[in-house]
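Heads up: the structure comes next, in structure tokens.
In what follows, chains are A, B, ... by sequence order, proteins preceding strands, each numbered from 1. Please read these numbers as outputs of a predicted model, since none were measured by experiment.
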Amino acid sequence: MDAIVIILALFLLIGVIFNGLGVLGLLRFPDLYTRMHAATKATTFGSVFTSLAVVVFGLWSYFRTVDGQFLTLAIHAFIATLALAITNAVSSHALARAGHKMGIKPMPAVCDKLEEFSP
Amino acid sequence: MIPFIITALFGFFIYLVFTAGSGNIGLWSSSELIAGGALGILTGIVTRNFLCRKRNYRMVNPFRLAVLACYIVIPFFVEMTKANLDVAYRVITMNIRPGIIRVHSNLKTDFGIFMLANSITLTPGTITVDIDEKTHDLYVHNINVPTGEESKEVFQDHELFTYFNLPSWIRRIAE
């Protein structure tokens, strides 16, 4: 068994574990905002690691065979990771803001400074 | 003229990144280089007023771009990993104290606030919900407000992070 196979399996395992935790949090958390913590962010981290496995595999194959298609694979997976991270941040911010403007209050909450600011 | 050149070069660079590995002039084939140049000029003509809307060329500085790359790889990734482990712990134990807090930051520029808000959102456990347009204060939903601090009026921005002072890194990049 190659070392590279172990590294790839490790990355995929970390990614799948965090994606699974995201699903579990989506089921267990009580309200919109806490669910969004699990559903958007844990899955971002999981997807970053699964994409990282693709990048490492692509680079390793490129340096072994010097075939251009593997370099393309690695770069495209890397760009997909960056796009995922940026769009995930912006879209979860938009969802949270829209939810608060709609009047969905954070249900178990110790404080809500935004409500005092904008009634 | 300067916005056109910056936008055209940026479009050409993105095209080169997407088509790396297609030939043997460097990593590219000659047809890809010609097509990239033509498309870069076209992109520059059409969108020159979007990328440089404020006629402000701070972010072209290569030193700032190098610090930005460094920022994403080391401090931001460490904070993201730590916060992900924290949320994983809270998913399993359900030990949460959620609340929306007000966070004050000293950043002035739009790009700096944008980077800070996105960094806060991407480190799990905190989501930027809204922003005060006048004072640039952020309203952040925190999954675990520390005990006894829920009545605190304003948090400072660096209190949200554990190991690195991300706002000072952002200040170095964007301002």
Side-chain angles (χ1 to χ4, degrees), chain A residues 17-18 21-34 36-38 40-42 44-46 48 58 62 66-76 78-79 82 85-86 88-93 95-97 99-101 105-118, chain B residues 14 17-24 27-29 72 76-77 80-81 83-85 87-92 94 96-103 114 117-132 137 139-155:
Chain A
I17 284 174
F18 273 98
L21 281 172
V23 174
L24 195 65
L26 191 63
L27 292 172
R28 291 189 69 180
F29 277 152
D31 72 332
L32 172 77
Y33 303 97
T34 44
M36 232 153 57
H37 285 299
T40 63
K41 261 69 68 59
T44 307
F45 197 66
V48 164
Y62 176 70
V66 198
D67 186 350
Q69 62 172 346
F70 290 116
L71 188 62
T72 313
L73 177 71
I75 289 176
H76 285 204
F78 184 70
I79 292 172
L82 281 184
I86 296 170
N88 209 324
V90 175
S91 63
S92 62
H93 161 66
L95 278 173
R97 187 161 186 267
H100 208 280
K101 293 230 168 204
K105 299 285 173 267
M107 222 5 229
V110 292
C111 57
D112 189 351
K113 293 286 190 296
L114 180 56
E115 193 181 17
E116 299 159 16
F117 164 66
S118 59
Chain B
I14 296 287
V17 168
F18 265 108
T19 57
S22 61
N24 47 17
L27 290 169
W28 298 273
S29 63
I72 291 173
F76 180 67
F77 195 76
M80 196 170 158
T81 309
N84 263 294
L85 292 174
V87 165
Y89 162 76
R90 294 189 194 290
V91 166
I92 293 165
M94 292 298 287
I96 55 174
R97 294 181 89 241
I100 295 182
I101 58 178
R102 183 180 174 121
V103 175
F114 168 77
N118 274 359
S119 299
I120 287 174
T121 304
L122 264 183
T123 50
T126 45
I127 294 183
T128 313
V129 179
D130 210 339
I131 181 168
D132 188 341
D137 283 2
Y139 290 92
V140 176
H141 184 272
N142 195 338
I143 203 170
N144 184 43
V145 182
T147 316
E149 296 198 354
E150 60 263 27
S151 57
K152 195 169 161 183
E153 200 55 46
V154 176
F155 283 70

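- Looking only at side-chain heavy atoms (C-beta outward), T44(A) and F18(A) stay at 4.5 Å or farther from each other.
- Contacts of Y89(B) with chain A are absent, with no heavy-atom separation under 4.5 Å from either backbone or side chain.
- Not one N or O on the side chain of R97(A) forms a donor-acceptor pair closer than 3.5 Å with the backbone of D130(B).
- To the nearest 0.5 Å, atoms NE2 (H37(A)) and CG (N84(B)) are separated by 12.0 Å.
- With a 4.5 Å cut-off on non-hydrogen atoms, Y62(A) touches chain B through its side chain but not through its backbone.
- Both the backbone and the side chain of L24(A) come within contact range of chain B, judged by heavy atoms closer than 4.5 Å.
- Checked by atom type and distance alone, the side chain of T126(B) never pairs as donor or acceptor with a backbone atom of N142(B) at under 3.5 Å.
- Within the 3.5 Å criterion, the main-chain N or O of V91(B) finds a donor-acceptor partner in the side chain of R28(A).
- Heavy atoms of S119(B) lying under 4.5 Å from chain A are absent altogether.
- Note: T81(B) leads T19(B), I72(B), T81(B) in heavy-atom pairs under 4.5 Å with chain A.
- The closest side-chain heavy-atom distance from V140(B) to V129(B) is not below 4.5 Å.
- With a threshold of 4.5 angstrom between heavy atoms, H93(A) approaches chain B through its backbone and through its side chain.
- With chain A as partner, the option from V87(B), T121(B), V17(B) having the largest number of non-hydrogen pairs under 4.5 angstrom is T121(B).
- Using a 4.5 Å cut-off between heavy atoms, L21(A) contacts chain B through both its backbone and its side chain.
- Using a 4.5 Å cut-off between heavy atoms, I92(B) touches chain A through backbone and side chain atoms alike.
- Side-chain contact, H141(B) with H100(A): no donor N or O sits under 3.5 Å from an acceptor N or O.
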